[in-house]
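Source: prediction; values computed, not measured. Within every chain, numbering begins at 1; the chains are lettered A, B, ... in the order of the sequence lines, protein sequences first and strands thereafter.
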Protein chains: 2
Amino acid sequence: MSAKIKDVAAAAGVSVATVSRALGSGPVSAALRQRVEEAAKQLGYRPNLSARRLRSQHTQTVGLIVSDIRNPFFTAVSRAVEDAAYQAGMRVILCNTDENPDKEAMYLRLMEEERVSGVIFSPTRDTARRLRPDAYGFPVVMIDRSGPAGQADAVVLDNRLAAAQLVEHLLAQGYRHIGGLFGNTSSTGSERHAGFEAALAAHGLAGEGRFIAPTAEAAETVVTQWLAEEQRPDALIASNGLLLLGALRALQRAGLSSPHDLALAGFDNEVWTGLVGNGLTVIEQPVYEIGRTAMEMLLSRLDDPGLSIRSVVLAGRLLVRGSTSPHPSAQGVFGQP
Amino acid sequence: MSAKIKDVAAAAGVSVATVSRALGSGPVSAALRQRVEEAAKQLGYRPNLSARRLRSQHTQTVGLIVSDIRNPFFTAVSRAVEDAAYQAGMRVILCNTDENPDKEAMYLRLMEEERVSGVIFSPTRDTARRLRPDAYGFPVVMIDRSGPAGQADAVVLDNRLAAAQLVEHLLAQGYRHIGGLFGNTSSTGSERHAGFEAALAAHGLAGEGRFIAPTAEAAETVVTQWLAEEQRPDALIASNGLLLLGALRALQRAGLSSPHDLALAGFDNEVWTGLVGNGLTVIEQPVYEIGRTAMEMLLSRLDDPGLSIRSVVLAGRLLVRGSTSPHPSAQGVFGQP
DNA sequence: GTAGCAATTGAAATCGATTACATTTTTGCT
DNA sequence: AGCAAAAATGTAATCGATTTCAATTGCTAC
């Protein structure tokens, strides 16, 4: 078995308390610290973190609960969280919920058992509504999604604004029949839908928003069917990367192209959106910043639990690309360039 | 503070030992178990995992050390590992090394301090060479990359075969001047290069392989420059998703397209490879299976440490798409279809 | 020389569970 | 009914560190 603190103490000829202080931050004479470090290295001593956590009563661990790490949005966020966490001397436990409230509950329970310092969480709408963050022994920072105002710290995109920006852009390009795909499990979907409706209403228009399961497959199915309807929209907005992917696949399968047959735009600046055709117009989210900010909020709340609940709302950036070039009818008598 | 086992014992009118057994798997009468569960629920009792791990001396935790979780290959693998782990009642600690040997060493030390049951690791070439897995207190399963034979359990792609398959395919399509991009930090790059060279040699040809840093940026720079050289290749192979992305971007930036100006093929069936143009020909890796297999190997070794070192080699699947359609000169008198 | 004080060091308690061992209760069998 | 064996329960040791509190040491000042 590996060396314990007692062995180091024996080897260095001091007490275990001195070893603990020498390796940590207690007051120890330089000579002894040297001897202890020597002995520890000699024996290949590794402190047992379980023992340390048990005794010291803090775990230096944060939980990160996301719906699916395969979604590049969460991947990027999680990378930012981890970078920030390890920099602050904390470890991260990563959990995937698959948008499943049962799994969310299970992982929250696990976080309690781990006695984590805090949790960064992107809950489903149902869980967000039901969540009572002060019922847990740790603070919760929500990312991407949020619950009732003032419920917990949160860092989210300005979803209404971003959706409205997309709509305004499409309107400016001459599109009038705009459809929208929105995820039906998160607050994000609802908010983006609200911005979508509001922007259209501001122009005296109405759009058709459809709420679906947040998977590429669902989007592909719905859009394929939608395209076959008699009056199909002339532009489509997808409220996240997965839905955008499904929509694109449906277009390709139907032999249609963007913007010729239908303008396409969406959320999340994933790698492929810049590569297909002349590029897909998207709202780019400050993914790394979201993760880093969430971690910072968590750390500052741990530092001072008395802080009032804060919500950080970050703006997205509209990246205009080829998939939303001007509507044919808006190009005037000169036709296509 | 939250309830401890002692509180539950008091509430149920039994000893702490009984509580431990009732909530775990000891022999307890049905009546008492009922009473204990009742009390535990009443008090919102959550066992302290640090205490449990310290006493029971097993952590039910595995470390997963990858170079970058933003790489979709590792994302998919990690998802598989986590699914398998949680299914086996184990937790996963995820670490990103950025292909940096110092970070690798740091995380291996952290894994020792966590007293993890085992580690799944995709090491850089340097670390793989230097690693002495029996120097740690836990078994190591390597994924994607491996070190000297018999050093540690590993699950890898049949890299030589896969690279050769790509080359054979390109040759069959009529390409003769084939270039290759390979990552310079992992054994994977070397092996794929070996398969590349061997397949060409078997046809009496020589290709030009270039070893570069495994990033899209590096690939883009190198390929941009390569395309400007007087005798550019007529086909290019990229040894992973990042390099393939960089190569594609270089092509697009140069205003070239595939396969018209240059055939392009590579590794990793990432989402976008099926979306751009007529699709990119790639070797698809069984990513989920790799992760699951790694976890299974780890579990079986934990079960029986005496097992001899095993290496599982999985075959990739060649997905032929538009980027490698027949070379113009090979299309005969009929021209394009 | 010694009282007073700060800086080190050590002894022992402690964190919250599991588990070895001891004890009590129940069961099964004649 | 009586006794051995089995099952259930309790007592107390234990995991490996940190931390409290007490003891020691080394200085300074008078």
Side-chain angles (χ1 to χ4, degrees), chain A residues 1-37 39-40 43-61 89 91 109-117 137, chain B residues 1-37 39-40 43-61 89 91 109-117 137:
Chain A
M1 214 42 213
S2 60
K4 315 167 204 319
I5 199 173
K6 200 168 20 162
D7 304 318
V8 177
V14 298
S15 72
V16 294
T18 300
V19 175
S20 176
R21 285 188 278 249
L23 266 28
S25 57
V28 181
S29 67
L32 274 198
R33 165 162 282 132
Q34 168 101 17
R35 246 171 53 209
V36 169
E37 283 170 353
L43 295 174
Y45 170 69
R46 296 281 180 272
N48 182 316
L49 291 184
S50 293
R52 173 187 306 203
R53 289 183 184 130
L54 173 59
R55 172 62 230 221
S56 69
Q57 297 290 66
H58 25 58
T59 56
Q60 305 287 76
T61 301
R91 276 157 277 295
R109 183 162 54 247
L110 175 63
M111 294 304 103
E112 294 187 271
E113 301 187 350
E114 291 275 4
R115 301 292 193 272
V116 295
S117 310
Chain B
M1 215 40 215
S2 60
K4 315 168 202 321
I5 198 172
K6 200 167 21 164
D7 304 318
V8 177
V14 299
S15 72
V16 294
T18 300
V19 174
S20 176
R21 286 189 279 249
L23 265 27
S25 58
V28 182
S29 69
L32 275 197
R33 165 162 282 134
Q34 169 102 17
R35 249 173 48 212
V36 168
E37 283 170 352
L43 295 173
Y45 170 69
R46 296 280 181 273
N48 182 316
L49 291 184
S50 294
R52 178 193 306 227
R53 290 184 183 128
L54 173 59
R55 170 62 228 221
S56 69
Q57 298 290 69
H58 28 57
T59 56
Q60 306 286 74
T61 300
R91 276 158 276 297
R109 183 161 55 248
L110 175 63
M111 294 304 103
E112 293 188 272
E113 301 187 350
E114 292 275 4
R115 301 291 192 273
V116 295
S117 308

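On a pure distance criterion of 3.5 Å, no polar donor-acceptor pair joins the side chain of R52(A) and the base of dT18(D).
Looking at heavy atoms from C-beta onward, S2(A) lies in side-chain contact with R115(B) at the 4.5 angstrom threshold. The side-chain heavy atoms of I5(A) and S20(A), taken from C-beta on, include a pair separated by under 4.5 Å. Between R91(A) and L110(B) the shortest side-chain heavy-atom distance falls below 4.5 Å.
In this structure, L32(B) reaches the sugar-phosphate backbone alone: every heavy-atom distance under 4.0 Å involves primed, P, OP1 or OP2 atoms, never a base. As judged by a 4.0 angstrom heavy-atom cut-off over every strand, S20(B) is placed among the base-contacting residues. Residue P27(B) is classed as a base contact, given a heavy-atom separation below 4.0 Å to a base. Note on V19(A): nothing from the nucleic acid sits closer than 4.0 angstrom, heavy atoms only. Contact annotation for R33(B): no contact, since no heavy-atom pair falls under 4.0 Å across all strands.
Taking a pair as Watson-Crick or G-U wobble with both distances under 3.5 Å, the runs of three or more consecutive pairs in DNA chain D are C:1-30 with D:1-30.
Taking side-chain N and O atoms only, S56(B) has no distance below 4.0 Å to OP1 or OP2 of dT18(C). Regarding contacts with the backbone of dA17(D), a side-chain N or O of Y45(A) is found under 4.0 angstrom from either OP1 or OP2. The phosphate of dT9(C) (OP1 or OP2) has a side-chain N or O of S29(A) nearer than 4.0 angstrom.
Atom C1' of nucleotide dA11(C) and atom NZ of K6(A) are separated by 14 Å, given to the nearest angstrom. Between the C1' atom of dA17(D) and the CD atom of Q57(A) lies a distance of 12 Å, rounded to the nearest Å.
Checked against dA11(C), dG16(C), dA12(C), the side chain of N48(B) finds its nearest nucleotide in dG16(C). You'll find that the side chain of T18(B) is closest to dG10(D), out of dA17(D), dT9(C), dG10(D).
A donor-acceptor pair under 3.5 Å is formed between the side chain of T61(A) and the backbone N or O of T59(A).
A salt bridge between R46(B) and E114(A) is absent, with no side-chain N of the basic residue lying under 4.0 Å from a carboxylate O of the acidic one.
Nearest-nucleotide mapping onto DNA chain C: of R46(B) and R21(A), the residue sitting toward the 5' end is R21(A).
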